[in-house]
Amino acid sequence: MEKKNIDWSNLGFGYVKTDYRFVSDFKDGKWDDGKMTQDDKVVISECAGVLQYAQTIFEGMKAYTTQDGRIVTFRPDLNASRMADSARRLEMPVFPEDRFVEAVVETVKANAAYVPPYGSGATLYIRPYMFGSNPVIGVKPADEYQFRIFTTPVGPYFKGGVKPLTIRVSDFDRAAPHGTGHIKAGLNYAMSLHAIVDAHQQGYDENMYLDAATRTKVEETGGANFLFITKDGKVVTPKSESILPSITRRSLMHVAKEYLELEVEEREVFLDELKDFAECGLCGTAAVISPVGKIVDHGKEICFPSGMEAMGPVTQKLYETLTGIQMGKLEAPEGWLKVIE
Ligand SMILES: *Cc1c(COP(=O)(O)O)cnc(C)c1O
């Protein structure tokens, strides 16, 4: 298969229209067979549930070319089950998990010419999503839905080298106790836009959100979970019901324990213990891990010993091990790589 003529290493993180996308409609209580289409336009009622009451959820994952030339995705079964959880919380019909994985495979296969070659640092980002499509004016769940998957090639995250981030402790909250922080829904992002624009204006890369009830515990940023490394080399991640369960974070915790033989802890992390950690990173599909060099809490600076020039040594090892698994350089745990072709 001939690859598209794209300057892979210089791609950013933006939308590039690819040739095919998957579409399935839910109507009269059931999903249709779904199909691949070249039509990138969505036509829905002006009164669609998604437009009026934000009934929409999504997933984010990637396809990679491995060292030996296969195209793979990483743990798509976990994206399928997380999307099912998101759907149930917003009273949307679940797109069956096995069909979700099949549709991801088919969509990537159809766009294989856009999967960046091994070594370019670029990947094919995959965006499954679902929304209420029929008219809804009284507040209630929609009766009809559309499930779609598109793909877009994205460039290497750390173009021009790794730059540790400076983040601030936010005065805005991301998620309420017993709210929707644990599901991947557009509504969690809409309310974070003001906070991130404001953070950027003040010169910060990201917001650290605290637990809304006590504002003493670390939750996550707008789109990534935290990992901390203690001075004695333990890997710690915050535990909370209102954090989005990152697949990257869960995979890194497994890698830390089983591949690197580090101690791991998922527990409450208090704001006032941040100064005791040796390293800090943000994890998610986009970057795998972005190192954090500095956290600013209302003028008080917490600088990690790993500094502002490079990833900390443990963060680096975690990063290399997980990306090594994803690129087929290290043996993957059973079921982690779904081979597409
Ligand atoms: C998607 C997302 C993450 C990262 O999850 P991954 O499965 O690792 O990509 C973290 N936090 C939030 C709020 C997210 O939406």
Side-chain angles (χ1 to χ4, degrees), residues 13 54 56-64 73-87 89-90 97 100-101 104 123-130 149 151-152 154 157 165 167 170 172-177 179-196 199 205-212 217-228 235 237-256 266 269 280-292 315 318-319 321-323 325-326 336-338:
F13 193 90
T56 180
I57 55 176
F58 68 100
E59 273 301 323
M61 53 208 294
K62 284 176 166 182
Y64 311 83
T73 59
F74 184 68
R75 311 187 79 179
D77 52 316
L78 297 189
N79 295 94
S81 75
R82 190 169 66 186
M83 192 160 191
D85 288 340
S86 299
R89 180 63 176 81
L90 292 195
E97 294 180 35
F100 175 103
V101 174
V104 165
T123 52
L124 187 73
Y125 185 76
I126 306 165
R127 172 53 61 89
Y129 61 114
M130 188 200 292
I149 306 175
T151 60
T152 184
V154 295
Y157 197 84
L165 306 176
I167 67 183
S170 178
F172 300 102
D173 293 323
R174 190 189 86 91
T180 54
H182 61 299
I183 63 165
K184 216 165 171 71
L187 55 91
N188 289 328
Y189 279 78
M191 46 72 40
S192 76
L193 297 176
H194 174 63
I196 194 65
D205 297 304
E206 280 290 348
N207 286 299
M208 168 182 272
Y209 292 107
L210 304 179
D211 73 298
K217 289 175 277 188
V218 176
E219 295 251 312
E220 60 173 322
T221 66
N225 286 181
F226 278 104
L227 276 189
F228 298 100
V235 184
T237 192
K239 185 184 178 76
S240 157
E241 295 294 307
S242 44
I243 288 176
L244 192 283
S246 157
I247 294 165
T248 314
R249 184 256 300 165
R250 286 182 271 165
S251 304
L252 285 165
M253 295 300 272
H254 180 89
V255 159
E266 185 177 354
V269 173
C280 172
L282 297 179
C283 37
T285 295
V288 180
I289 311 183
S290 307
V292 174
T315 305
L318 283 165
Y319 177 80
T321 310
L322 187 59
T323 53
I325 290 170
Q326 291 170 332
W336 277 25
L337 293 188
K338 173 88 185 161

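Sequence positions, counted from 1, serve as the residue numbers for this chain. Atoms within each ligand, like the ligands themselves, are counted from 1 in listed order. Note that the structure is a prediction, hence the values are computed from the model and not measured.
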Looking only at heavy atoms, is any part of M61 under 4.0 Å from ligand 1, and if so is it the side chain, the backbone, or both, or is it neither? neither
What part of A224, side chain, backbone, both or neither, has a heavy atom within less than 4.0 angstrom of ligand 1?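 Backbone only.
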Hey, is S251 one of the residues with a heavy atom under 4.0 angstrom from ligand 1? no
Measuring from non-hydrogen atoms of R250 to any atom of ligand 1, is the shortest distance under 4.0 Å?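 Judged by the 4.0 Å heavy-atom criterion, R250 does not count as contacting ligand 1.
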Please list, in number order, the atoms of ligand 1 under 4.0 Å from a heavy atom of N225.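 The list of qualifying atoms is 10 (C), 11 (N).
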For R82, take its heavy atoms, then give the atoms of ligand 1 lying under 4.0 Å from any of them. 5 (O), 6 (P), 7 (O)
Less than 3.5 Å between some nitrogen or oxygen of [X] and one of ligand 1, yes or no?
X	value
R249	no
R174	no
I247	yes
T248	yes

Is the F58 ring parallel, tilted or perpendicular to the Y189 ring (thresholds 30°, 60°)?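 Judged by the thresholds at 30° and 60°, the geometry between F58 and Y189 is perpendicular.
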Salt bridge present between E266 and R249 (N-O < 4.0 angstrom): yes
With respect to N225, which candidate in R250, E220, E219 satisfies the side chain to side chain donor-acceptor pair (under 3.5 Å) definition? E220
Test side chain to side chain donor-acceptor pair (under 3.5 Å) on Y129 and R127 and set out the steps. CA-CA 6 Å; Y129 61 114; R127 172 53 61 89; over 6 Å; no
So how far is it from [X] [atom1] to [Y] [atom2], rounded to the nearest 0.5 Å?
X	Y	atom1	atom2	value
L187	T180	CG	OG1	4.5 Å
R174	D211	CZ	CG	12.5 Å
E59	I247	CD	CD1	5.5 Å

Closest non-hydrogen protein atom to atom 15 (O) of ligand 1, residue and atom name please, with distance?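 I find the closest protein heavy atom is Y189 OH, 2.4 Å.
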